[in-house]
Amino acid sequence: MQKIPYGRQYITDEDIQAVTDVLRSDLLTQGPKIKEFEDAFSEYIGCKYSVAISNGTAALHLCALALGVKKGKKVITTPITFAASANCVRYCDGDVVFGDIDPETYLLDINSVKTILEASPKGTYTGLIPVDFAGRAVDLEAYRKLADEYNLWIIEDACHAPGGYFTDSNGDRQYCGNGKFAELAIFSFHPVKHIAAGEGGMITTNNKALYETLLNLRTHGIQQNHALRHFNDGGWYYEVQELGYNCRLTDFQAALGLSQLKRADAGMKRRKEIAATYASAFADCSFIKGSSGFMDSHAYHLYIIEVDDRKGLYNHLRTCNIYAQIHYIPCHLMPYYREFGWKEGDLPAAEKYYSQCISLPMYPTLTLEEQAYVISCIKSYYEPGK
Ligand SMILES: Cc1ncc(COP(=O)(O)O)c(C=O)c1O
């Protein structure tokens, strides 16, 4: 069997054509593909505004800047995420406080967040960064209520979840990143994600003022409309109004993202088929200690199971040419965050989850035969001879 990774991109001839068309055009960056991609993404996600960014990490950084994170500002996030969800607070010199996870959903536990908030006077914390981890949507309606009580903003890290949703108290589907409950949401277009652009990211929002701030921050804080006030200057005139950055996506990346976006629904359908197959294959297996089973609302960036002897299984799968992965080593146990006093035992649910979790191959081009092989290799490890 050929090497089976845990995730991989799916590039078609149409994708390649879309990129080469831009490469043959006049504008490799700051051209028309950016707005086209942003508008199509807003439509897909169901939000008002989208801002294309060079990657998901830079998107988080700009969101934290736009929401005023700075020295002394405290932000709560989950330890079971990629480090960027927390690092964006540190880029702005703010303080990261990790809540524990819900052992059933693997998401930031709202009760843990409540406990943290209740332990200090109101005003101690400034924002929340919940993560739609693995593709499972956070119940942002509940988080909004809590955030309003404590005057907090919310950045939804939806990197794993374009197309995921939760059902609100009215019975309506609320799609990840739609801006209904969170001030800002971010996505990544790293190749293992649903939509690949090589590198790339997107910020979504329904807030016009934040949208305009983000456009400025993306390009050096430059505002060209101020040129109107300086009619004595020439057409070259622009002003740097604030300290901004270069966090732009190129046009050929936007073209790839746009082409991939057209297949997003088909990719999601295939991911759900794969998830349903894993769920039914493992339904009666006593070695499975936890999993999401199958949920229609899940975007299935990852399909995670929890097992005993996780390291043994991981190594066994490698001998079978299957490259499963672990998501994630808890952020609070990273040497960088230990410097702030975080240690083993601080977040027991996250740490227990980490000791048992393993992400199985999940990507649209995984074949039926490959998935059957993955399942049989896992079963034969725990139930030899069965
Ligand atoms: C949950 C989460 N947040 C943020 C990021 C950062 O995105 P990028 O790799 O595009 O910078 C990632 C990417 O791996 C992620 O998984």
Side-chain angles (χ1 to χ4, degrees), residues 5-9 37 41 45 50-65 69 75-92 96 98-99 101 105-108 127-138 140 154-164 176-177 182 184-204 214 217-218 245-250 253-254 256-257 260-261 271 298-304 325-332 334 336-337 350 353-354 357 359 362-363:
Y6 83 91
R8 62 163 300 153
Q9 71 274 17
F37 185 29
F41 200 78
I45 293 295
S50 292
V51 184
I53 300 288
S54 46
N55 56 66
T57 304
L60 280 162
H61 183 188
L62 295 195
C63 288
L65 284 168
V69 178
V75 178
I76 303 172
T77 190
T78 173
I80 298 299
T81 184
F82 184 60
S85 315
N87 291 352
C88 63
V89 176
R90 294 296 308 135
Y91 297 153
C92 306
V96 178
F98 294 105
I101 63 160
T105 64
Y106 312 150
L107 304 178
L108 180 62
L128 304 173
I129 308 181
V131 178
D132 300 312
F133 170 64
R136 186 166 180 152
V138 170
L140 282 181
I154 301 174
I155 301 172
E156 177 188 9
D157 182 337
C159 278
H160 296 184
C176 295
L184 297 167
I186 69 110
F187 295 86
S188 162
F189 306 127
H190 180 275
V192 294
K193 303 295 196 296
H194 294 66
I195 295 159
E199 297 283 356
M202 194 72 85
I203 304 171
T204 60
L214 289 161
L217 287 171
R218 175 175 70 180
Y245 299 81
N246 178 354
C247 296
R248 294 189 299 262
L249 191 70
T250 64
Q253 288 170 305
L256 180 53
Q260 294 250 318
L261 185 60
R271 284 174 186 273
H298 204 298
Y300 288 111
H301 163 54
L302 302 172
Y303 194 90
I304 297 166
Q325 193 46 280
I326 309 305
H327 296 94
Y328 289 95
I329 302 167
C331 285
H332 70 290
M334 289 291 168
Y336 176 73
Y337 285 103
Y353 160 82
Y354 168 58
C357 67
S359 307
M362 166 59 84
Y363 47 92

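One-based numbering, in listed order, for ligands and for the atoms of each. Bear in mind that the values here come from a model prediction, so they are computed numbers and not experimental data.
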Requested in this report: Kindly check if the number of other-residue, nucleotide or ligand heavy atoms within 6.0 Å of CD1 (Ile329) is above 12?
Outcome: no
Note: Tyr328, heavy atoms under 4.0 Å from ligand 1, region reported as side chain
So for Thr57 against ligand 1, with non-hydrogen atoms under 4.0 Å, the contacting part is both
- Give a yes/no verdict on whether any heavy atom in His301 is under 4.0 Å from an atom of ligand 1. no
Tell me, which protein residue and heavy-atom name are nearest [atom], and how many Å apart are they?
atom	result
atom 16 (O) of ligand 1	His160 NE2, 2.7 Å
atom 15 (C) of ligand 1	Phe82 CB, 3.6 Å
atom 2 (C) of ligand 1	Asp157 OD2, 3.5 Å
atom 13 (C) of ligand 1	Lys193 NZ, 3.0 Å

Note: Tyr300 and Arg271 closest approach over all heavy atoms is O-NH1, 3.1 Å
Nearest-0.5 Å distance, [atom1] of residue [X] to [atom2] of residue [Y]:
X	Y	atom1	atom2	result
Glu199	Gln253	CD	CD	7.5 Å
Ile195	Phe37	CD1	CZ	6.0 Å
Ser188	His160	OG	NE2	8.0 Å
Ser50	Leu214	OG	CG	11.0 Å

> Does any N/O atom on Gly56 come nearer than 3.5 Å to any N/O atom on ligand 1?
Replying inline: yes
His190-ligand 1 polar pair, N/O distance under 3.5 Å =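 No, since none of the N or O atoms of His190 sits under 3.5 Å from an N or O of ligand 1.
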Can you list the steps and then say if Phe41 with Phe189 is a ring-ring contact (aromatic ring centres under 6.0 Å, His included)?
CA-CA 12 Å; Phe41 200 78; Phe189 306 127; 5.6 Å; yes
For the pair Thr204 (side chain) and Gly177 (backbone), establish whether a donor and an acceptor sit closer than 3.5 Å, ignoring hydrogens and angles.
yes
Legend entry - Atoms in ligand 1 flagged as close to Thr81, the criterion being non-hydrogen separation under 4.0 Å: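 Selected atoms, number and element: 1 (C).
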Near Ser85 (heavy-atom distance under 4.0 Å), the atoms of ligand 1 are 3 (N)
